[in-house]
There are 2 protein chains.
Amino acid sequence: MASRKKQAPVPASTNPVSMADLARELGVSMTTISRALSDHHSIGPAMKQKVLKLAKKYNYQPNRLASALRKGKSQLIGIIVPYIEGRFFPSVVHGIETAASRAGYNVIICQSNEDVDQERRNLDILLSAQVAGILVSMSRTTLEADHFETVRGRGLPLVFFDRVPEGDNVNAVVLDDQEGGYVSTRHLLSQGARRIAHLAGPQHLNIYKNRLQGYRQALHEAGMAPDEQLIVHTDMSQEQGAAAMRQLLALPAPPDAVFAAGDYSALGAMQEARRQGRRVPQDVSISGFSNEAFTLITEPTLTTVDQRCEEMGQAAVRLLLDVIEAGTAPFTPRQVALRPELLVRGSSVRAAKAEPAAAHLS
Amino acid sequence: MASRKKQAPVPASTNPVSMADLARELGVSMTTISRALSDHHSIGPAMKQKVLKLAKKYNYQPNRLASALRKGKSQLIGIIVPYIEGRFFPSVVHGIETAASRAGYNVIICQSNEDVDQERRNLDILLSAQVAGILVSMSRTTLEADHFETVRGRGLPLVFFDRVPEGDNVNAVVLDDQEGGYVSTRHLLSQGARRIAHLAGPQHLNIYKNRLQGYRQALHEAGMAPDEQLIVHTDMSQEQGAAAMRQLLALPAPPDAVFAAGDYSALGAMQEARRQGRRVPQDVSISGFSNEAFTLITEPTLTTVDQRCEEMGQAAVRLLLDVIEAGTAPFTPRQVALRPELLVRGSSVRAAKAEPAAAHLS
DNA sequence: TTGTAGGCGTTATCAA
DNA sequence: TTGATAACGCCTACAA
């Protein structure tokens with residue numbers, strides 16, 4: 001549409017200049033060039049300057065393929081995630097890319113689309129690409145972790161994050177979900193709640209099991225017997241959150257607080273509570289999990305738990321680099337559990353500092 | 001914590017097996033191996049089967065580094081984005097990765113962090129990595145596109161998306177923002193609105209300029225003179241959206257609809273309107289832009305424009321592959337404009353089919 | 001149908 | 001301090 005500027009007549013495909021070209025031009029050997037460029041010790045400062053100047057002049061770019069082939073190791077880190085969408089994985093990937101590039105690595109990313117076979121193929125591809133290490137968050141359909149053994153067999157550094165296999169013989173970075181459930185519940189207690197319900201997630205997934213566990217632990221420590229009626233299992237959707245709330249409010253003794261294992265179910269619950277004329281947080285306090293973007297714009301804003309996505313990515317890279325640097329030296333698999341951060345917002349803070357309320361304990 | 005399963009005593013770093021290994025074992029030449037594996041025509045079916053069987057047995061993985069080095073082209077596509085967060089870029093990357101891997105390519109991803117220098121370094125890295133092509137969404141601080149000339153100079157396929165340089169001598173995929181502004185405004189008109197305000201974004205960014213342009217076009221076609229008082233410039237934040245709404249409602253003749261150039265400012269406007277006792281959409285209709293996740297959970301849900309993130313990624317890959325396949329043949333730069341999708345929701349639909357309202361035209 | 005040999009660009013080893 | 005040379009693993013004329 002706009003002005004046709006001076007357009008190159010033909011995209012005169014310039015060949016990249018190689019070390020051999022520089023060597024020829026300077027009348028020295030390739031070895032010298034290589035040494036100058038890689039800042040080797042046995043090289044004269046004068047020679048080095050000459051080489052660097054010429055390299056700059058011709059805008060020399062090292063061929064990383066050749067280098068990696070020769071050295072047997074690339075500067076690439078492979079990532080396998082179920083998908084790149086929503087809030088969680090993109091943020092983790094963001095953290096990974098940032099930490100990796102700071103350390104001089106680049107990142108090649110694959111999606112498994114929650115499919116084990118795709119995950120297997122991704123592994124093969126990354127092995128073929130001679131990556132220096134692999135970061136994986138397993139697909140939902142990955143029941144056995146045997147395909148990761150071939151990676152191990154190659155002696156290739158491997159670190160799992162978030163969706164990790166059980167056991168302590170793998171490197172893994174996870175969020176401490178139990179702690180998340182624990183601090184959330186303790187917070188609700190501190191606000192004066194005495195009948196705290198829990199909207200649980202699918203219990204075959206560790207994260208939800210652990211959040212429930214933390215909830216139980218907090219109640220136990222507070223000397224409260226858990227009321228199984230107050231634990232409702234959902235698929236974590238907004239709809240089922242609302243349904244669960246309906247069910248809870250219909251109880252003879254309805255809860256005065258709800259800890260949901262996810263933000264969407266928390267949202268559904270909050271909307272349902274208000275629909276039924278309950279005030280949030282005065283009549284019923286609510287807290288969620290994941291720090292979804294929308295939790296800041298609900299009215300009231302939603303108390304939630306931040307999952308430290310970026311930190312998880314960075315921690316995974318750090319661990320991977322440790323393994324890489326260990327080289328062939330024996331490395332004992334390490335597990336890292338990140339401490340979640342409770343974000344206290346409007347949906348759970350009752351006006352009066354609620355300590356005295358402990359009097360009317362159930 | 002859990003059971004210590006049978007743990008490999010030493011991670012016996014198995015060397016990857018090469019074509020030479022297979023050749024030795026079978027007593028044939030590497031050429032034969034290569035041909036068998038790459039399904040070359042001049043190879044006996046018996047031989048081929050033998051080779052494939054052995055390859056499977058040893059779990060042979062081709063070394064893509066070596067292959068790429070030899071062929072001068074890798075199966076990698078480089079992406080440079082300002083960052084991997086929020087809704088937009090992750091979705092585009094998702095689309096890119098999906099389309100690329102379907103075509104047998106893998107994706108190496110870099111963030112410029114909105115910094116030209118970082119963008120330059122990223123370009124160098126991707127060139128070094130001998131990628132087959134590059135997809136870029138420019139950083140905010142990229143005022144001149146001269147550093148992309150070196151990529152062109154190398155004859156390396158290059159496609160811009162979303163944040164693209166001006167002019168028609170680059171390959172580019174963008175959303176048709178003007179169309180988005182146009183259909184949004186037409187929709188509000190069709191609902192009976194007669195004084196439509198616009199919350200504009202920073203006008204030095206093309207996307208916002210074009211959305212405003214679409215708004216003007218729709219009004220013009222409807223035979224309405226634009227009222228400059230109804231065009232408020234904001235930084236697209238929720239806060240400024242609310243402030244703008246306050247200002248608009250204080251006018252002698254306040255608007256009966258608002259088209260915001262972004263969802264956050266739309267949200268701010270909607271909240272402010274309700275705070276002042278205006279009903280949405282009856283008293284004032286509202287529509288936003290970007291289809292942020294939260295637009296589905298506001299009350300009422302927010303009418304908005306979807307930016308076709310994934311399609312953008314796929315279109316960018318398709319265009320890139322076209323350029324790659326053209327090889328050295330001359331390729332005329334191509335620009336693709338994706339048609340946005342208006343998502344009509346509660347914030348803009350007035351109960352009665354509003355055509356008759358045209359009577360009380362201002 | 002199969003084999004031989006050279007080279008892609010870099011780095012490591014050895015000798016000068 | 002520098003240079004010659006041989007790999008790294010794969011591909012592809014060309015020859016048999």
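Note that this is a predicted model, so its numbers are computed, not measured. Chain letters run A, B, ... following the sequence lines, proteins first, then strands; residues in each count from 1.
Between A:Y60 and C:dG9 there is no side-chain polar atom (N or O) within less than 4.0 angstrom of OP1 or OP2. For D:dT12, neither phosphate oxygen OP1 nor OP2 lies less than 4.0 angstrom from any side-chain nitrogen or oxygen of B:S34. Put simply, A:S67 has a side-chain N or O that comes within less than 4.0 Å of OP1 or OP2 on C:dT11. Between C:dG9 and A:S18, no contact under 4.0 Å exists linking OP1 or OP2 to a side-chain N or O.
Within the nucleic acid shown, A:R35 comes within 4.0 Å of at least one base atom, counting heavy atoms only. Within 4.0 Å (heavy atoms only), A:I43 reaches sugar-phosphate atoms of the nucleic acid but no base atom. A:M19 comes within contact range of at least one nucleobase, with a heavy-atom separation under 4.0 Å. At a threshold of 4.0 angstrom between heavy atoms, the contacts of B:G44 are confined to the sugar-phosphate backbone, with no base atom among them.
Atom P of nucleotide C:dG9 and atom CG of A:L69 are separated by 12 Å, given to the nearest angstrom. To the nearest angstrom, P of D:dC10 lies 15 Å from CD of B:Q75. Distance CD (A:Q130) to P (C:dG9): 19 Å, rounded to an integer number of Å. Rounding to whole angstrom units, CG of residue B:D39 and P of D:dT12 are separated by 14 Å. Atom NE2 of B:H40 is separated from atom C1' of D:dC14 by 13 Å (rounded to the nearest Å). Atom-to-atom, NZ of B:K71 to P of C:dG9 comes out at 16 Å; the value is rounded to the nearest Å. As rounded to whole Å, 15 Å separates atom C1' of D:dA7 from atom CG of B:N15. Counting to the nearest Å, the P atom of C:dT1 and the NZ atom of B:K50 are 16 Å from each other.
In this structure, the side chain of A:S38 engages the main chain of A:S34 through a donor-acceptor pair within 3.5 Å. Counting only distance, with no hydrogens or angles, the side chain of B:S137 and the backbone of B:F161 share a donor-acceptor pair below 3.5 Å. Of the possible donor and acceptor atoms, one in the side chain of A:S74 sits under 3.5 Å from a partner among the backbone N and O of A:Q130.
Take the nearest nucleotide of DNA chain D for B:T31 and for B:L65: the residue whose nucleotide is more 5' is B:L65. Residue whose closest nucleotide on DNA chain D sits further toward the 5' end, between A:M30 and A:H41: A:H41.
A heavy-atom distance below 4.5 Å is found between the side chains of B:L26 and B:M47.
Taking only side-chain atoms of A:R70, from C-beta outward, the nucleotide of C:dT2, C:dG9, D:dC10 with the closest atom is C:dG9.
Remark: A:D21 engages A:R24 in a salt bridge, criterion side-chain N to carboxylate O under 4.0 Å.
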